[in-house]
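Values below: every heavy atom of this structure, side chains too, minus hydrogens, waters and symmetry copies. Heads up: numbering here begins at 1 and tracks the sequence. Nothing here was measured: the structure is a model prediction, and the numbers come from that model.
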Amino acid sequence: MKTRAEEFAGLSVAMVTPFKDGKVDLETLERNTEFLIRAGITCLSPVGTTGESPTLSHEEHEKVITTVVRAAAGRVKVMAGTGSNCTAEALRLTQWAERTGADAALVVAPYYNKPTQEGFYQHFKALAEAVEIPICVYNIPGRSAKNIEPETIIRLAELPNIQMVKEATGSMDQVSRILAATDLTVLSGDDSMTLPYMSVGAKGVVSVVGNIVPQDMIALCNAMLNNDMETARQLHYKTFQLCKNMLGLSTNPIPIKAAMKLLGMDTGELRLPLLPLEPAQEETLKETLRQYGLL
């Protein structure tokens, strides 16, 4: 089943934003970018939820996008997070990403103000008509407080520039409804749902755990795209506990930053109101990393 943005099939990584002494650590960001590109991923996705976008200034947000686009240098796709609960702000960030050379924009559902379904539609329509790069609708009601209903996404699919959906609802029914009614490219927004979503036609994942085990997530996506269910199941079970810990031990990106610090890939710094893992949580994480063979 061919979908609208097949070039984004496979593993996209929801990148962390490294901090050092309270400031964005561009050197580590470039190093992490290179690590992921060398692993063979499809797409880098900076300044989303995992990238702590709500605590970045506009200048920092733009700087992170620019740094990743320049470091990628066309070797992989870049899908920059440009969402906001203010349509004018989301529009400005999306236009910035396009001018900087990003290949697509990841636009989260407007959060906190809880728009109507018509409000969701008008928000994404305004962005889609203002830029030429593809837009990925990021539906994560656990963060945004309201679901973009399948009927609204199906309606949005009438706009040529709306090409992808990052589904973080955990609902197989919602994913199935979208795939049955549109040619949108659906990407999982939850690592542990990659296999289930791809089994009904999703094309990949925007992954948190891909920051540390990109090869395994690439292999899982490739197995599903090649209809090798046995290999995919083995990789699903192998990665499952690590995936669950990244979102279950504490709020994302607290666990993934802790894991990256333990693996020498990041400083582990967070910005308030996010705080580091508690000691007991960190021990659980260490044990999971040991069992996986990473520590």
Side-chain angles (χ1 to χ4, degrees), residues 1-6 8-14 42-43 45 48-50 79 83 106-109 111 114 117 120-121 124 135-158 162-210 213 216-248 251-252:
M1 184 173 66
K2 187 171 175 58
T3 60
R4 203 171 286 190
E6 291 285 312
F8 289 88
L11 176 63
S12 298
V13 175
T42 298
C43 177
S45 188
T49 304
T50 308
M79 180 162 57
L106 177 68
V107 181
V108 71
Y111 41 84
K114 296 177 73 173
Q117 293 301 311
F120 281 133
Y121 177 80
F124 285 101
I135 289 174
C136 180
V137 176
Y138 180 11
N139 193 20
I140 181 166
R143 296 271 186 167
S144 66
K146 196 166 184 179
N147 186 39
I148 308 175
E149 297 296 335
E151 291 71 24
T152 303
I153 293 173
I154 291 165
R155 188 179 169 205
L156 282 168
E158 296 170 5
I162 303 291
Q163 296 194 15
M164 293 174 277
V165 181
K166 179 184 175 183
E167 260 294 323
T169 60
S171 171
M172 288 290 288
D173 284 357
Q174 176 138 329
V175 169
S176 297
R177 177 88 173 91
I178 293 165
L179 287 165
T182 77
D183 65 344
L184 293 172
T185 299
V186 174
L187 303 172
S188 175
D190 293 308
D191 281 301
S192 62
M193 294 298 290
T194 304
L195 183 150
Y197 281 0
M198 292 187 76
S199 73
V200 294
K203 294 296 183 174
V205 59
V206 183
S207 171
V208 175
V209 79
V213 288
D216 285 344
M217 293 307 293
I218 291 167
L220 171 54
C221 290
N222 287 344
M224 288 302 295
L225 290 170
N226 293 323
N227 294 314
D228 182 357
M229 184 59 74
E230 183 54 39
T231 299
R233 268 198 298 265
Q234 291 172 8
L235 288 159
H236 172 73
Y237 294 133
K238 177 183 179 181
T239 58
F240 181 76
Q241 191 56 53
L242 189 61
C243 292
K244 295 304 287 184
N245 276 2
M246 289 306 104
L247 297 180
T251 304
N252 181 39

Practice problem: For Cys221 and Met198, run side chain to side chain contact (heavy atoms under 4.5 Å, CB included): C-alpha distance rounded to whole Å, both residues' side-chain angles, the deciding distance at 0.1 Å, then the answer. | Solution: CA-CA 8 Å; Cys221 290; Met198 292 187 76; 4.3 Å; yes

Quiz item: side-chain contact (heavy atoms from CB on, under 4.5 Å) with Ala14: which residues, sequence neighbours excluded?
Solution: Thr50, Val206

Exercise. Please collect all side chain to side chain donor-acceptor pair (under 3.5 Å) contacts where either partner lies in residues 234-248, sequence neighbours excluded, each pair once.
Key: Asp216-Lys238, Glu230-Gln234, Gln241-Asn245, Asn245-Thr288

Quiz prompt | Shortest non-hydrogen contact between Ser199 and Met172, atoms and distance | solution = OG-CE, 4.3 Å

Exercise. Measure the spacing between CG of Leu156 and CD1 of Ile148 and express it to the nearest 0.5 Å.
Key: 7.5 Å

Quiz item: Given Val137 and Ile162, is the side chain to side chain contact (heavy atoms under 4.5 Å, CB included) satisfied, shown in steps?
Solution: CA-CA 7 Å; Val137 176; Ile162 303 291; 3.8 Å; yes

Self-check item: Heavy-atom closest contact (Leu179 atom, Ala202 atom, distance)
Solution: CD1-N, 3.6 Å

Self-check item: side-chain contact (heavy atoms from CB on, under 4.5 Å) partners for Ile218, two or more places apart
Solution: Leu11, Ile41, Asn222

Quiz prompt | Euclidean distance, Leu235 CG relative to Met224 CE, rounded to 0.5 Å | solution = 11.0 Å

Practice problem: I would like to know whether Gln163 and Thr185 meet side chain to side chain contact (heavy atoms under 4.5 Å, CB included); could you show each step before the answer? | Solution: CA-CA 6 Å; Gln163 296 194 15; Thr185 299; 6.0 Å; no

Quiz item: How would you list, by chain and number, every residue that makes a side-chain contact (heavy atoms from CB on, under 4.5 Å) with Glu6, sequence neighbours excluded?
Solution: Lys2, Thr3, Lys203

Quiz item: Can you name the closest pair of heavy atoms from Ser192 and Cys243 and give their distance?
Solution: N-CB, 4.1 Å

Self-check item: Spacing of CE belonging to Met229 relative to CG belonging to Leu195, to within rounding of 0.5 Å
Solution: 5.0 Å

Practice problem: Could I get the full list of side-chain hydrogen bond (donor to acceptor under 3.5 Å, both in side chains) partners for Arg155, not counting sequence neighbours? | Solution: Glu118

Quiz item: Could you give the distance from CG (Asn139) to CD1 (Ile153), rounded to the nearest 0.5 Å?
Solution: 4.5 Å

Self-check item: Shortest non-hydrogen separation from Gly170 to Tyr197 and the atoms involved
Solution: N-OH, 2.9 Å

Practice problem: Using the test side-chain contact (heavy atoms from CB on, under 4.5 Å), find all partners of Ala181 that sit at least two apart in sequence or belong to another chain. | Solution: Ile154, Arg177

Quiz item: With no hydrogens and no angle check, do the side chains of Gln174 and Glu167 hold a donor and an acceptor under 3.5 Å apart?
Solution: yes

Quiz item: Taking Glu149 for the side chain and Gln117 for the main chain, is one N or O donor matched with an acceptor at less than 3.5 Å?
Solution: no

Quiz item: About how many Å separate NZ of Lys166 and OG of Ser45, when rounded to the nearest 0.5 Å?
Solution: 6.0 Å

Exercise. Kindly give the heavy-atom pair with the smallest separation between Leu187 and Met79, and that separation in Å.
Key: CD1-CE, 4.2 Å

Quiz prompt | Contacts of type side-chain hydrogen bond (donor to acceptor under 3.5 Å, both in side chains), residue Asp191, not counting sequence neighbours | solution = Ser207

Quiz item: So which heavy atom on Leu184 is nearest to which on Met164, and how close?
Solution: CD2-N, 4.2 Å

Quiz item: Can you name the side-chain hydrogen bond (donor to acceptor under 3.5 Å, both in side chains) partners of Thr231, sequence neighbours left out?
Solution: Asp228

Self-check item: side chain to side chain contact (heavy atoms under 4.5 Å, CB included) between Val108 and Arg143, worked out
Solution: CA-CA 9 Å; Val108 71; Arg143 296 271 186 167; 5.9 Å; no

Exercise. Applying side-chain hydrogen bond (donor to acceptor under 3.5 Å, both in side chains), name anything that partners Thr49, two or more places apart in sequence or on another chain.
Key: Tyr138

